[in-house]
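Comments concern the structure below.
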Amino acid sequence: MRIKNYILSFTCICLVLLGTACESESDKRKARIKQLDKEINQLKKETDLMNDYLDACEKVSKC
């Protein structure tokens, strides 16, 4: 009976540790996704500025 309780306790501890590890990994993924979103938004802003600059240059060259 004691061995059964030890095995059950060990299994519960392993499941708790596994759940904690999975949650930590999920948080890391969420943080990375948030960082990538920021980088994408920055690239969009830079692209918009570059397009505005190119449009301005094209108008000047026509003149």
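Just so you know, residue 1 is the first one in the sequence shown, and it goes up from there.
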One should read off an interatomic distance between Cys57 SG and Asp52 CG, to the nearest 0.5 angstrom, of 11.0 Å
Might you confirm whether atom CD1 of Ile3 has over 12 heavy atoms from other residues, nucleotides or ligands at distances under 6.0 Å?
no
Contacts of Ser9 meeting side-chain contact (heavy atoms from CB on, under 4.5 Å) (sequence neighbours excluded), chain-then-number -> none
Connecting only ILVMFWY residues whose side-chain heavy atoms lie within less than 4.5 Å of each other, what is the rest of Met50's hydrophobic cluster?
Tyr53, Leu54
Going by atom type alone, with no hydrogens or angles, which donor-acceptor pairs under 3.5 Å involve a side-chain atom of residues 27-40 and a protein atom two or more places apart or on another chain?
unit_1: Gln35; atom_1: NE2; unit_2: Glu39; atom_2: OE2; d: 3.3

